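Okay, structure first, notes after.
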Amino acid sequence: MLLEELLRCQIQEWYPAFRRHTVPTAIIPLPAAFLRYLAGRTAYPGPDGPDEGEQGPLPFVPPTLTSGRAPFPPLQGHFPDPVSLLDRDNTDPLFGGSGSDSDDDEGLPPPAFPELEAAVDAAIAGLGGAALPKLNWSAPKDAVFMAADGTVRCTCFAEVAMLLRASDCVAHDLVSARRSCHDFLRAKPVRRNAAEGGLSDPGENCSDGGARGGGSGAPEEDAEQESSDDDETWVDDGFQYYLALRKWYPGLRPESEFRCFVRGRKLVGVSQRDPSAYYPSLPGWSAEVQPKIEDFFEEFIEPQFASENYTFDVYVRADGRVKLIDFNPWGGYTLPLLFTWEELEEEQRGEDELEFRVVMQQGAVRPGLMTAIPYDMLDWGDGSGWDVFLKKAGNELDRQMASLGVDS
């Protein structure tokens, strides 16, 4: 994967050209302080420099909010927190604790981003009151376990911040996306970002100061020496990250989304976007959908998107209209879904009829494509981590209530 190809897939790069064919989106540049917060570092470093005195990432703390809106209110009812009950005897004077353990270590106050918060809340309101957040490339789809409704639907800045902070996909965008490219060379700050020029000159659209040959790139030995502290310095290297807020549509059907693979500017394969489920209507419907996707590619995508090799996701509406969802680079961290990259790179692929793959029967679901969701969140059976935890929490709660003479 080349850096130029990756940069073309940033939503702020392709959205203006495809605005009429995709989901309404508001794009907001992110300040370096918020990026540092997402990385678990001090948002506003002191005069001694970034991260002075820090020992590893900071614990997760929601940002201070000017709107006062709490993230993800519970759907209904109130559920006690077993962890707080287990720790209660250490902090509550009722159980013999002093309640002042935290007084000796106050730590840093939660960061505040009032201007960004106002911009995000206003953008969400303009999109109808709910939006799906994503950074330049990725959405925090791996952090849905943080939300009360199990989706990435956000209605305010607090919810956006919590999902982004909890997401490994977003962390990959920040730390690893550009560095995973074959031709990426880390140069000295400050470098221009992708939004400051066209895509014709990759050296001016990325943090690679030496990509053009004869630029300001560091020698190889310097690059090797600096590779060890990339995680600490990436946020200050001058590359601009963006928050894209995409209008939320509650009635979308997952079986209507497809990933399309383009190699050598030819559409060489289409896959069901969600390979983890069997949809009975999809095998028959795919024959109707295929020509619509091919026409959409030939009329709108191929003439306007400059890369030779890439993937794009589409959603096919019930009325047959095709909507563009996203672009992704070829290979790398992009999932091939029901294909393998070896299959997609076969020389003869694309010469014959387009191959359209869907899960044809219940037993054909391809496993192992869920990313970054804790396994214990998926396994609730007897003997699972959650089962053991809840039993221990219940026993401890009964013990504490009995010691107070209160019936549980």
Side-chain angles (χ1 to χ4, degrees), residues 1-16 25 27-45 49-51 57 113 115-116 119-120 133-140 160-161 164-165 167-213 215-218 222-223 225-245 306-307 326-329 332-334:
M1 178 172 61
L2 299 178
L3 185 60
E4 182 180 23
E5 296 173 340
L6 177 70
L7 295 179
R8 286 197 187 103
C9 293
Q10 297 177 105
I11 188 169
Q12 78 276 3
E13 296 291 339
W14 62 259
Y15 179 75
T25 302
I27 298 176
I28 302 171
L30 292 176
F34 187 71
L35 298 177
R36 296 185 63 80
Y37 165 75
L38 294 182
R41 304 196 177 276
T42 304
Y44 301 101
D51 304 330
F113 312 97
E115 294 181 0
L116 178 62
V120 169
K134 65 174 294 181
L135 257 60
N136 297 31
W137 296 282
S138 301
V160 171
L164 296 180
R165 179 70 167 80
S167 172
D168 285 346
C169 293
V170 167
H172 177 275
D173 271 18
L174 297 175
V175 179
S176 304
R178 289 178 293 145
R179 283 169 31 194
S180 66
C181 297
H182 302 314
D183 58 342
F184 176 76
L185 291 176
R186 183 177 172 275
K188 301 292 186 181
V190 170
R191 294 186 292 273
R192 299 181 65 186
N193 61 59
E196 293 179 342
L199 286 169
S200 59
D201 186 351
E204 294 186 359
N205 296 307
C206 62
S207 56
D208 179 8
R212 291 168 288 174
S216 57
D222 291 341
Q225 181 178 359
E226 292 169 351
S227 62
S228 62
D229 63 350
D230 275 346
D231 289 345
E232 286 74 25
T233 59
W234 61 267
V235 75
D236 301 314
D237 71 359
F239 186 83
Q240 180 66 63
Y241 290 90
Y242 293 85
L243 171 64
L245 297 167
S307 291
D326 203 4
F327 285 98
N328 285 290
Y333 55 83
T334 303

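Since the model is a prediction, treat every value here as computed from it, not as a measurement.
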**Separation between OG of S180 and NE2 of H172, rounded to the nearest 0.5 Å** = 5.0 Å
**Message:** Looking at Q240 and P31, would you say the former's side chain and the latter's main chain have a donor-acceptor pair under 3.5 Å?
**Reply:** no
**R41 side chain near R36 side chain, heavy-atom distance below 4.5 Å** = yes
**Taking every non-hydrogen atom, the tightest pair across C9 and P329** = SG-N, 3.5 Å
**Asked** Which atom names give the shortest non-hydrogen contact between L6 and A177, and what distance separates them?
**Response** CD2-O, 3.3 Å
**Message:** Can you tell me how far apart OH (Y333) and OG (S138) are? Round to the nearest 0.5 Å.
**Reply:** 5.5 Å
**Message:** To check you understand the geometry: which heavy-atom pair defines the closest contact between D183 and M1, and what is its length?
**Reply:** OD1-O, 4.4 Å
**Request:** Measure the OG-CG distance between S307 and N328 for me, rounded to the nearest 0.5 Å.
**Result:** 11.5 Å
**Item:** Donor-acceptor pair, side chain of N136 and main chain of Q10, under 3.5 angstrom
**Value:** no
**Prompt:** Considering all heavy atoms of both residues, which atom of G40 and which atom of R165 are nearest to each other, and what is their separation?
**Reply:** CA-NH2, 3.5 Å
**Asked** Using 30° and 60° as the class limits, which term best fits the ring planes of F239 and W137: parallel, tilted or perpendicular?
**Response** parallel
**Request:** Return yes if some donor-acceptor pair links the side-chain N/O of S167 with the main-chain N/O of L164 below 3.5 Å, else return no.
**Result:** no
**Prompt:** With no hydrogens and no angle check, is any side-chain donor or acceptor of R179 less than 3.5 Å from a backbone partner on F184?
**Reply:** no
**Any residue meeting side-chain hydrogen bond (donor to acceptor under 3.5 Å, both in side chains) with T334, in chain and number order, not counting sequence neighbours** = none
**Asked** Would a 4.5 Å heavy-atom cut-off, applied to side chains only, mark E13 and L7 as touching?
**Response** no
**Asked** How long is the span from the CG atom in L135 to the CG atom in L243, to the nearest 0.5 Å?
**Response** 6.5 Å
**Prompt:** Has the side chain of Y241 got a donor or acceptor atom that lies under 3.5 Å from a matching backbone atom of L174?
**Reply:** yes
**Residue pair L38 / A161: nearest heavy atoms and the distance that separates them** = CD2-O, 4.4 Å
**Fill in**
Between the CD1 atom in I28 and the CD atom in E115, the distance rounded to the nearest 0.5 Å is 12.0 Å
**Heavy-atom closest contact (F34 atom, L30 atom, distance)** = CD2-CD2, 3.8 Å
